[in-house]
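Below, chain A is the first sequence line, B the second, and so on; all start at residue 1.
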Number of protein chains: 2
Amino acid sequence: MGLRERKKMQTRRTIRGAALDLAIELGLENLTVEAIADAANISPRTFFNYFAHKEDALVTDAAAAAVALRPHIVARPPHESPLHAVRAVITEYDPFSLVNADRKRALARQKLVQENPRLLARQLGAYAILEAEFAQAVAERLDVDPEADLRPALVASVAAAAMRVAVTRWTADDSVQLTELLVACFDELEGGLLVAGTDTG
Amino acid sequence: MGLRERKKMQTRRTIRGAALDLAIELGLENLTVEAIADAANISPRTFFNYFAHKEDALVTDAAAAAVALRPHIVARPPHESPLHAVRAVITEYDPFSLVNADRKRALARQKLVQENPRLLARQLGAYAILEAEFAQAVAERLDVDPEADLRPALVASVAAAAMRVAVTRWTADDSVQLTELLVACFDELEGGLLVAGTDTG
DNA sequence: TGCATAATTGCACAGCCTGCAAAATATCCT
DNA sequence: AGGATATTTTGCAGGCTGTGCAATTATGCA
């Protein structure tokens, strides 16, 4: 990778950092692109070279995570069920630094997102890209056509739903570890919560 | 209900109708609030009395559907599993006129939504409200606290995911009945697609 | 050093969305 | 019916987002 690309990635990170800081400090309603650009030492116009919408600088970068995770899903031991493979990768690679490094920051971001319908919508849009990528990976695992077979998309969307539920719960009450919430969610699903003929699971 | 409220609902429908027509005709990028207001015989300013964002006039009104469906979920026979109860209500009440009356129109709307990240994001945001409502209903069925127990939210989000997968597939290829896609999705889930120790389901 | 490529910036501008106050309209009560 | 009251619609002013375009600046490489 050339210096150019590295610098762009650095700028991108700087913008995201500044945006989150200011959003926490000022609240989303008082946050302007001008202020973000200022804090990141770029012109307002340049902000839009990096992000198509103001919100995109604030929500988790699911698209990047998806691309990074996809090969790992494919590479999981073949005897694992599709959901379990996705689960394993999510819990192992901590896609959004939700658990490790930036735990506090990630929590602040999620709280911000949950409180703002506009941000939430944008974040869910980003998750849709994640789902599509997961679906591709699952299709590869099952060796089926993801356009023809419903199962890859289904497994991918359910996995993403489990993630969302865990993160949402964690956002509302971070006294419990996110990891444990993730485990609980996936355990329920793999344990037959949805299976017919059960009245509670 | 007084004349006033009925008239507001009528206006709301008129705006939504005009918005969809124009979006199909012009494409989203050339659609302005001014044009919608014009077609609906209201002032541009009044448009924003009905919808906070331009996009909200175009996506499916999931919040309304959620409120309408919730009691029906609670009222399903108690021996049914939570997912099955939700499934039954979705397929029985056809929340978004996806199957019956406005099938053609609903399909056009969904295609529009799938093609536009901005619209899709907004639609997913609306689905989040639907999920929350479903979760409440499921919690009531299970007689648990939806803040404490993960299962209601999990079942609700998974059901919504199944709906989304079915609708998305239908949008890409409407030669198959949406009803059949819904059945297929829920059958997979209830049939143990996600259960541990299965390599394909 | 100098050339080619790519990123940054300024400028102009259309369109979204909001607050506010005035005008129009509906509802209610006598 | 008629007038007081509440609600809705509308116009206006204005800030902010987001985009196209062209000029400028920075980078990578021979």
Once side chain to side chain donor-acceptor pair (under 3.5 Å) is applied, do any residues pair with A:Arg87, and if so which ones, sequence neighbours excluded? A:Asp187, A:Glu190

Just the rounded figure in Å: distance from P of C:dC16 to CD of B:Glu29. 13 Å

Upstream residue (5' side of DNA chain C) when A:Asn41 and B:Ala52 are each assigned their closest nucleotide: A:Asn41

Please state how far atom CD in A:Glu55 lies from atom C1' in C:dC16, giving the value in whole angstrom units. 12 Å

Measure the distance from NE2 on B:His53 to C1' on C:dT18 and round it to the nearest whole Å. 11 Å

Closest approach of A:Thr60 to A:Arg16 (non-hydrogen atoms, all atoms of both residues): CA-NH2, 3.8 Å

With a 3.5 Å distance limit and no angle check, can you tell me whether A:Arg122 reaches the backbone of A:Lys54 through a side-chain donor-acceptor pair? no

Specify the separation, in whole Å, of atom CG of A:Asn49 and atom C1' of D:dG18. 11 Å

Five pairs per end, C1' atoms only: what is the angle between the end axes of the helix from C:dT1-D:dA30 to C:dT30-D:dA1, to 10 degrees? 30°

Quick one: is B:Tyr50 getting a side-chain N or O under 4.0 Å of the D:dT9 phosphate, OP1 or OP2? yes

Check: B:Ser157 side chain, B:Leu154 main-chain N or O, donor-acceptor pair, under 3.5 Å: no

Where the side chain of A:Phe48 is concerned, which of C:dT8, D:dG18, D:dT9 is the nearest nucleotide? D:dG18

Whole angstroms only, please: what is the CZ-C1' distance between A:Arg118 and D:dG18? 12 Å

Using a 4.0 Å heavy-atom cut-off to protein, can you give one letter per nucleotide of nucleotides 25-30 of chain D, 5' to 3': B if the base is in contact, S if only the sugar-phosphate is, - if neither? -BBS--

Taking all non-hydrogen atoms of both residues, which atom of A:Pro152 and which atom of A:Pro146 are closest, and how far apart? CG-CA, 4.4 Å

Looking at B:Glu147, is its backbone amide N or carbonyl O close enough to the side chain of A:Arg169 to form a donor-acceptor pair, meaning the two atoms are under 3.5 Å apart? yes

Start with the C-alpha gap between B:Asp174 and B:Lys104, add the side-chain angles, then the distance that decides, and say whether salt bridge (charged side-chain N to carboxylate O under 4.0 Å, His left out) holds. CA-CA 10 Å; B:Asp174 63 321; B:Lys104 204 173 164 188; over 6 Å; no

Where do B:Met163 and B:Leu130 come nearest, in terms of heavy atoms and distance? SD-CD2, 4.5 Å

Take atom CD of B:Gln10 and atom P of D:dT8, then tell me their distance rounded to the nearest Å. 16 Å

For a quick check of understanding: with a heavy-atom distance under 4.0 Å over all strands, which category does A:Phe47 fall into, base, sugar-phosphate or nothing? nothing

Scan nucleotides 11-16 of chain D against the protein and return all N/O pairs shorter than 3.5 Å with their distances rounded to 0.1 Å.
unit_1, atom_1, unit_2, atom_2, d
D:dG11, O6, B:Arg45, NE, 3.3

Considering the options A:Leu28, A:Ile36, A:Asn116, A:Val113, which one meets the side chain to side chain contact (heavy atoms under 4.5 Å, CB included) requirement together with A:Leu58? A:Leu28

How long is the gap from CG on B:Leu124 to CD on A:Gln123, to the nearest 0.5 Å? 11.5 Å

Under 4.0 Å, heavy atom to any atom of DNA chain D: which of residues 14-22 of chain A qualify? none

Once you round it to whole Å, what is the distance between C1' of D:dA6 and NZ of B:Lys8? 13 Å

Pairs involving residues 6-62 of chain A, ordered by first then second residue, that meet ring-ring contact (aromatic ring centres under 6.0 Å, His included) (sequence neighbours left out): A:Phe47-A:Phe51

Ignoring hydrogens and geometry, is there a side-chain-to-backbone donor-acceptor pair from B:Arg151 to A:Glu188 under 3.5 Å? no

For B:Ile36 and C:dG15, what is the distance between atoms CD1 and P respectively, to the nearest whole Å? 12 Å

CA sep, side-chain torsions, deciding dist, call: A:Leu178, A:Leu107, side-chain contact (heavy atoms from CB on, under 4.5 Å): CA-CA 10 Å; A:Leu178 174 59; A:Leu107 182 59; over 6 Å; no

Counting distance only, does the side-chain N/O of A:Arg76 pair as donor-acceptor with the main-chain N or O of A:Ser81 below 3.5 Å? no

